[in-house]
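When reading the values below, keep in mind they use all heavy atoms of this one structure, side chains included, and skip hydrogens, waters and symmetry mates.
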Amino acid sequence: MSSRRVRVRFAPSPTGPLHMGGVRTALYSYLFAKKHGGDFLLRIEDTDQNRFVPGAEDYIIASLKWCGISPNEGVGFGDGPHAPYRQSERKALYRQYAEQLERDGYAYLAFDTPEEMEALRKEAEANKQNFAYDATTRTNLRNSLTMSSEEVAAAIASGEHYVIRLKVPQNEEIAFTDLIRGEVSFRSHVVDDKVLLKGDGMPTYHLAHIVDDYLMEITHAIRGEEWLPSAPAHILIYRYLGWENAMPQYAHLPLLLKPDGNGKLSKRDGDRLGFPVFPMDWNDPSSGELSSGYKERGYYPEAFVNMLAFLGWNPGTEQEIFTLEELAQAFHIEQIQHAGAKFDPEKAKWFNEQHLRRRSASVIAASIRGELAKTYGMAADDARLQETYLVKAVELLQPRVQFEHEMIAVGAYLFEAPSAYDEAVIAKKWKANYRPLFERLAAEWETQAATTEDTLKAWFESQCAAHGIKPGEVLQLLRVLVSGQGGGVDLFGMLVLLGAATCASRLHKALELELLKGE
Ligand code: GLU
């Protein structure tokens, strides 16, 4: 096995939008493949026609693209040597393996109708039990183990509905090594006789993923914990097909848990607590309902992916902020925790904030320029939209927001004169004897020569000293009179950026305020 080229697949079913837990599975699979210089591929498992949702496949592909998790083979990413990668297009392939298992005595034909099965389930339920088609019940049911070969032939000839089931031995130990959980073992009596091939000729997940993982030379199958109970059946299928040596190593990922309380993170938790559970907006084709996505909320894909990576894994160091490439370097599948990972929506925002702080201000400037121009009615050649001004504005705002789009509103005073002032701050701080100082500042701002934060500060302090006022008493007032707000970006950085003419005119205007006329 170790000599084989590492090949990992992400194998979602197009039954709806990809949940963030699904993206995490894709991410871990991708990171593992990259870490080992291997291949990562996307296979669409669409054998359950009843659960097919139009648009889901495109959504999966678009989400992976947005995240930068790019398969080197598979649906939507260019075919590779094992095309097709959509199971519905591989339908003809699977039957032979189910039949091989049947011929070899490891599977059998079951003719029980869906109605009969339903009745058995109901009956068991009435006795507070679960019906299982297994070694204890199959001997009393209508299948090729209890029927004569003539009866079986006749049933097939008359077109009776049948499925092919795995014949699970009654009392055997089935063990395997899970990459995350280590040694795992099951008694076979807990495993039911899984359907391998359905009445419509489509394989179930159990058969299809094994045939495909085998044919696609998959070395590692990383999937959700919900598949762990089925793993022993999968081990048996590999064994019975004679493929045990080529069996991929399984890794079962821990669940994503609700932020509050216990249980699996669901869309309802997101609706209830106001965070997305999907990577991108999803428009449900049947209900028309819109579910919001991280992308549209303004998350950077690298922040989303960084946050997801830490839901169940950490590198064992203090470092938390990683690019996708860095994650691939640092990733060790053995470091994935066994226990479920609690999702923290505040931490998700924090990851975005951290990535925003590390992002080039010039890249952010380019990204918000259009929206800024629109919001503040600036023409394309407006000086405030040019590189020198805008990059500096972004640098001032970078430590103060979690999302790029927040800069537009948070930084309003960098783009237009205030129309309102924080009156509470003024009422609390203003003293009539400050007026001469502020009048002097307004009058002389344009003629003073300071062009840096330090020289401007020195000039301001000398003005304060000349009026016998401590700078600390009036700093916040200066901020309010120029920006309208009691808090905000670095004060002298803002004043230098706005420029002398703007500062002077804003001060003149503010000094007209009624609030500043009295005591
Ligand atoms: N189609 C399965 C699912 O969506 C894939 C599980 C696996 O990765 O093997 O859950």
- Message: Would T47 and S88 count as a side-chain contact (heavy atoms from CB on, under 4.5 Å) here? Give the steps.
- Response: CA-CA 6 Å; T47 58; S88 58; over 6 Å; no
- Between I364 and V391, does a side-chain contact (heavy atoms from CB on, under 4.5 Å) hold up when you go through it step by step? CA-CA 8 Å; I364 297 177; V391 168; over 6 Å; no
- Trace of the salt bridge (charged side-chain N to carboxylate O under 4.0 Å, His left out) decision for D454 with K457: CA-CA 5 Å; D454 288 344; K457 195 160 178 233; over 6 Å; no
- Message: Please determine whether side-chain contact (heavy atoms from CB on, under 4.5 Å) holds for the pair H220 and H36, giving the CA-CA distance in whole Å, both sets of side-chain angles, and the decisive distance to 0.1 Å.
- Response: CA-CA 11 Å; H220 298 81; H36 297 281; over 6 Å; no
- Item | Test log, rule side-chain hydrogen bond (donor to acceptor under 3.5 Å, both in side chains), inputs T177 and Q249 | CA-CA 8 Å; T177 307; Q249 282 195 273; over 6 Å; no
- Query: Taking it one step at a time, do E89 and R86 satisfy salt bridge (charged side-chain N to carboxylate O under 4.0 Å, His left out)?
  - Reply: CA-CA 6 Å; E89 293 170 26; R86 209 179 268 117; 2.4 Å; yes
- Task: Could you give me the CA-CA distance, side-chain angles and deciding distance for E45 and R9, then say whether salt bridge (charged side-chain N to carboxylate O under 4.0 Å, His left out) is met?
- Result: CA-CA 11 Å; E45 302 204 323; R9 85 296 191 281; 5.3 Å; no
- Is there a side-chain contact (heavy atoms from CB on, under 4.5 Å) between T323 and N306 once you walk through the steps? CA-CA 7 Å; T323 63; N306 193 164; over 6 Å; no
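Taking the six-membered ring where the residue is Trp, the centroids of Y30 and F10 are separated by 6.0 Å or more. Centroid-to-centroid, the aromatic rings of W282 and Y59 come within less than 6.0 Å. Aromatic rings of Y250 and W227 (six-membered ring for Trp) have centroids beyond the 6.0 Å cut-off, not under it. Aromatic rings from F351 and H355 are positioned such that their centres are separated by 6.0 Å or more. Taking the ring centroids of Y294 and F304, they lie under the 6.0 Å cut-off.
Looking at K258 and D260, no side-chain N of the basic residue comes within less than 4.0 Å of a carboxylate O on the acidic one, giving no salt bridge. Under the 4.0 Å criterion applied to side-chain N and carboxylate O atoms, R357 and E353 are assigned as salt-bridge partners. Using a cut-off of 4.0 Å between Lys/Arg side-chain N and Asp/Glu carboxylate O, E387 and R369 are scored as salt-bridged. In summary, R272 and D269 engage in a salt bridge, as defined by a charged side-chain N under 4.0 Å from a carboxylate O. Salt bridge R384/E416: absent, no basic N to carboxylate O contact under 4.0 Å. A salt bridge links E73 with R7: at least one charged nitrogen is closer than 4.0 Å to a carboxylate oxygen. Salt bridge status for D213 with R43: present, with a side-chain N to carboxylate O gap under 4.0 Å. Under 4.0 Å is where a charged nitrogen must lie from a carboxylate oxygen, and between R181 and E225 at least one such pair does. At a threshold of 4.0 Å, the pair E320-R358 does not count as salt-bridged, since none of the basic side-chain nitrogens sits closer than that to a carboxylate oxygen.
Annotation for V394 and I368: closest pair CG2-CD1, 4.1 Å, computed over non-hydrogen atoms. Between G488 and Y413 the shortest heavy-atom distance is CA-OH, 3.5 Å. Pairing each heavy atom of I61 with each of G76, the nearest pair is CD1-CA, 3.8 Å. Shortest non-hydrogen contact noted between E461 and P471 is CG-CG, 3.8 Å. Between L308 and Y28, the shortest heavy-atom distance links the atoms O-OH, 3.7 Å. Across every non-hydrogen atom of D46 and P14, the tightest pair is CB-CG, 3.7 Å.
Shown here is K264, whose NZ atom has no more than 12 heavy atoms of other residues, nucleotides or ligands within 6.0 Å. Counting heavy atoms of neighbouring residues, nucleotides and ligands inside a 6.0 Å radius, atom CD of E423 does not exceed 12 of them. Within a 6.0 Å sphere centred on NZ of K342, heavy atoms belonging to other residues, nucleotides or ligands number more than 12. Counted within 6.0 Å of CZ on R435, heavy atoms from surrounding residues, nucleotides or ligands total more than 12; the atom is thus considered enclosed. Within 6.0 Å of the NZ atom in K509, the count of heavy atoms belonging to other residues, nucleotides or ligands exceeds 12. Heavy-atom neighbours of E439 CD from other residues, nucleotides or ligands within 6.0 Å: above the threshold of 12.
Taking the six-membered ring where the residue is Trp, Y434 and W430 present perpendicular rings, their angle passing 60° and hence far from 30°. Using bins of under 30°, 30° to 60° and over 60° for the plane-to-plane angle, the ring pair H206/H234 lands in the tilted bin. Below 30°, between 30° and 60°, or above 60°: for Y205 and H209 the angle between ring planes is below 30°, a parallel geometry.
Between the NZ atom in K431 and the CG atom in L437 there is a gap of 12.5 Å [rounded to 0.5 Å]. The line from CE of M20 to CG of L27 is 11.5 Å long, rounded to the nearest 0.5 Å. The structure places CG of L414 at 12.5 Å from CD1 of I408, a figure rounded to the nearest 0.5 Å. A distance of 9.0 Å separates CZ in F186 from OG in S230, rounded to the nearest 0.5 Å. The OG1 atom of T375 sits 8.0 Å away from the CE atom of M378 when rounded to the nearest 0.5 Å. From L481, atom CG reaches atom SG of C503 across 11.5 Å, with rounding to the nearest 0.5 Å.
Counting only heavy atoms from C-beta outward, the side chains of R5 and T219 never approach each other to under 4.5 Å. By the 4.5 Å heavy-atom criterion applied to side chains, I222 and V8 are counted as neighbours. Taking 4.5 Å as the limit, every side-chain heavy atom of T204 sits out of range of all side-chain heavy atoms of D48. Looking only at side-chain heavy atoms (C-beta outward), L31 and I333 stay at 4.5 Å or farther from each other. Using a 4.5 Å cut-off on side-chain heavy atoms (C-beta onward), D490 and E453 make contact. Contact check for L491 versus L475: side-chain heavy atoms found under the 4.5 Å cut-off. Side-chain contact between M307 and F343 is present, with at least one heavy-atom pair separated by less than 4.5 Å. V75 has its side chain within reach of E57: a pair of non-hydrogen atoms, C-beta onward, lies under 4.5 Å apart.
A cation-pi arrangement is found for K65 relative to F77, the charged atom lying closer than 6.0 Å to the ring centre and inside a 45° cone about the ring normal. Both cation-pi conditions hold for R359 and Y300: the charged atom is under 6.0 angstrom from the six-membered ring centre and inside a 45 degree cone around its axis.
A donor-acceptor pair under 3.5 Å is formed between the side chain of R24 and the backbone N or O of L311.
At a cut-off of 3.5 Å, with distance as the only test, no side-chain donor of S292 or D281 sits close to an acceptor on the other residue. Inspection of the Q448 and W459 side chains reveals no N or O donor paired with an N or O acceptor under 3.5 Å.
With sequence neighbours excluded, the residues forming a side chain to side chain donor-acceptor pair (under 3.5 Å) with D212 are Q87, R90, Y94, listed by chain and number.
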